[in-house]
Amino acid sequence: MKYALYYYDACPFCQRVLRALPGVKVEVEKRNVLTNQEFRKQQYAATGRTTVPCLLISDNGKDTWMFESADIIRFLQSR
Ligand SMILES: N[C@@H](CCC(=O)N[C@@H](CS)C(=O)NCC(=O)O)C(=O)O
């Protein structure tokens, strides 16, 4: 299982998730959608949305995209 967080620094909801990351047991790759437009395009192509934070959960080729900071934090803390 792999995890990637789509975010940007000025987003307060992203900051909530970023602050929780040091306390979770899994590794989460950070993908800044403002400094790398490819990440923004990937997210939009897959979900039709540019809302952040968004967590990409990749499980053997199956991708799941999760929105909502509280849901993302709860999910990561349960891993
Ligand atoms: N309820 C959401 C709010 C997320 C949100 O409003 N994100 C803003 C940035 S702070 C955003 O991406 N807005 C642009 C959009 O939705 O395309 C959460 O807690 O994650």
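In this chain, residues are counted from 1 in sequence order. Atoms within each ligand, like the ligands themselves, are counted from 1 in listed order. As the structure is a prediction and not an experimental result, all values here were calculated from the model.
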When you measure from [atom] to every protein heavy atom, which one gives the shortest distance, and what is it?
atom	value
atom 10 (S) of ligand 1	C11 SG, 3.1 Å
atom 8 (C) of ligand 1	V52 O, 3.8 Å
atom 14 (C) of ligand 1	T51 CA, 4.5 Å
atom 6 (O) of ligand 1	F13 CE1, 3.7 Å
atom 20 (O) of ligand 1	S69 N, 2.8 Å
atom 2 (C) of ligand 1	E68 OE1, 3.4 Å

For this session: Check for a donor-acceptor pair, side chain of Q15 on one end and backbone N or O of A10 on the other, with a separation under 3.5 Å.
Result: no

Exercise. So, Q43 side chain and L56 main chain: donor-acceptor pair closer than 3.5 Å or not?
Worked result: no

Seminar exercise, completed: Checking F13, Y44, W65 against Y6 for ring-ring contact (aromatic ring centres under 6.0 Å, His included), the one that qualifies is W65

Problem set entry | Sole residue of L34, L55, V33, N32 in side-chain contact (heavy atoms from CB on, under 4.5 Å) with Y7 | N32

Exercise. For T50, is at least one N or O under 3.5 Å away from an N or O on ligand 1?
Worked result: yes

Problem set entry | Shortest non-hydrogen contact from E27 toward Y3 | O-CD1, 3.6 Å

Exercise. Which atoms of ligand 1 are found less than 4.0 Å from any heavy atom of P53?
Worked result: 20 (O)

For this session: List every atom of ligand 1 that sits less than 4.0 Å from any heavy atom of P12, numbering the atoms from 1 in the order shown and giving each element.
Result: 10 (S)

For this session: Give the C-alpha distance, both sets of side-chain angles, the deciding distance and a yes or no for side-chain contact (heavy atoms from CB on, under 4.5 Å) between L21 and K30.
Result: CA-CA 10 Å; L21 291 187; K30 291 190 276 178; 4.3 Å; yes

Problem set entry | Heavy-atom side-chain proximity of L18 to L5 below 4.5 angstrom | yes

Problem set entry | Y8 touching ligand 1 at heavy-atom level, < 4.0 angstrom | yes

